[in-house]
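To keep things clear, I will list the structure first and then write my remarks on it.
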Amino acid sequence: MTTRTPPSTAASPTAGPVASPAAARVAADLRAALSPLVRRLRQVKPDGELTFSQISALVRLDREGPATASELAAGEGIRPQSMCTIIGVLQERGLVARDPDPTDGRRIVVSLTTAGLDGLHGARAERSRRLGLAIDEELTPAEQRQLADAIPLLERITRRV
């Protein structure tokens, strides 16, 4: 005969504090609402050719500056070999450049080119344009103000996750 641990004392899959039932419900509803939005925005590809992994590498270079392939791979949570493939495609398209590290000539540093930066900003602008149109067409002015008021709250919880 096996004994069962009561639910209140069962080990959770993750350690740490547990959210209140109300906060847990809001969290689940927020994830359910935002996940499809994020997926749809990721699918917006103005040039129709860059993959999510390629865009992600460009975004990382834009935010963090030049990096080695190993550093990019670690930041993206992928194998260095996979990142080298991504960088190769981006370099062929003229979106990144590979240059010797100025402080250690044995290392190669990857950086955004002007074309890479322009392409990245173009993709961001297209996503913003589509999201702006959806907000304009779907929400009343009062709802738009509510959404705007919620942005600082979303930014605060994003920093805690």
Side-chain angles (χ1 to χ4, degrees), residues 13-14 16-99 108-161:
T14 59
V18 177
S20 69
R25 194 169 29 259
V26 170
D29 290 347
L30 185 60
R31 283 194 54 203
L34 291 181
S35 291
L37 173 63
V38 170
R39 274 194 305 277
R40 287 187 182 135
L41 287 173
R42 284 181 176 166
Q43 292 170 352
V44 174
K45 298 176 187 172
D47 62 9
E49 296 179 27
L50 291 179
T51 66
F52 176 70
S53 297
Q54 293 164 344
I55 292 169
S56 187
L58 293 175
V59 167
R60 186 168 295 278
L61 288 169
D62 185 38
R63 287 186 184 153
E64 299 175 9
T68 65
S70 295
E71 291 166 344
L72 287 170
E76 293 295 310
I78 62 174
R79 294 185 337 248
Q81 297 87 342
S82 298
M83 183 54 70
C84 286
T85 302
I86 291 167
I87 291 168
V89 171
L90 294 173
Q91 185 179 21
E92 285 176 18
R93 296 193 55 196
L95 303 176
V96 299
R98 292 181 186 177
D99 297 298
I108 300 296
V109 176
V110 180
S111 59
L112 274 177
T113 63
T114 303
L117 193 57
D118 291 346
L120 186 57
H121 289 171
R124 286 178 178 159
E126 178 61 14
R127 287 183 185 98
S128 292
R129 184 189 71 77
R130 288 186 184 200
L131 186 55
L133 281 173
I135 290 168
D136 216 20
E137 293 170 359
E138 291 295 324
L139 303 180
T140 66
E143 290 170 328
Q144 290 179 29
R145 284 190 297 278
Q146 283 180 304
L147 184 58
D149 289 344
I151 290 171
L153 303 176
L154 293 169
E155 289 171 340
R156 280 181 30 209
I157 59 175
T158 297
R159 289 190 293 268
R160 289 289 301 248
V161 174

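Every heavy atom of this structure was used, including side-chain atoms; hydrogens, water molecules and symmetry mates were not.
With a 4.5 Å cut-off on side-chain heavy atoms, L120 and L95 do not count as touching. In this structure, Q144 and D136 have side chains that are in contact, with non-hydrogen atoms separated by less than 4.5 Å.
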Just list the side-chain donor-acceptor pairs under 3.5 Å for residues 59-71, sequence neighbours left out, or say none.
| unit_1 | atom_1 | unit_2 | atom_2 | d |
| --- | --- | --- | --- | --- |
| R60 | NE | E76 | OE2 | 2.6 |
| R60 | NH1 | E64 | OE2 | 3.0 |
| R60 | NH2 | G75 | O | 2.8 |
| R60 | NH2 | E76 | OE2 | 3.2 |
| D62 | OD2 | R124 | NH1 | 2.9 |
| D62 | OD2 | R124 | NH2 | 3.3 |
| T68 | OG1 | E71 | N | 3.1 |
| T68 | OG1 | E71 | OE1 | 3.4 |
| E71 | OE1 | T68 | N | 2.9 |

Report all side-chain donor-acceptor pairs from residues 23-36 shorter than 3.5 Å, counting only partners two or more places apart or in another chain.
| unit_1 | atom_1 | unit_2 | atom_2 | d |
| --- | --- | --- | --- | --- |
| S35 | OG | R31 | O | 2.8 |

Please table the atom pairs, donor to acceptor, closer than 3.5 Å between any side-chain atom in residues 82-92 and protein atoms at least two apart or in another chain.
| unit_1 | atom_1 | unit_2 | atom_2 | d |
| --- | --- | --- | --- | --- |
| T85 | OG1 | Q81 | O | 3.2 |
| Q91 | OE1 | R98 | NE | 3.3 |

Could you go through residues 147-161 and list every donor-acceptor pair under 3.5 Å that involves a side-chain atom there, pairing it with any protein atom two or more places apart or in another chain?
| unit_1 | atom_1 | unit_2 | atom_2 | d |
| --- | --- | --- | --- | --- |
| T158 | OG1 | L154 | O | 2.7 |

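R145 pairs by the salt bridge (Lys or Arg N to Asp or Glu O under 4.0 Å) definition with nothing, not counting sequence neighbours. Evaluation of the side-chain contact (heavy atoms from CB on, under 4.5 Å) rule for A97 yields D99, S111, T113 as partners, not counting sequence neighbours.
The line from CD1 of I55 to CZ of R127 is 5.0 Å long, rounded to the nearest 0.5 Å.
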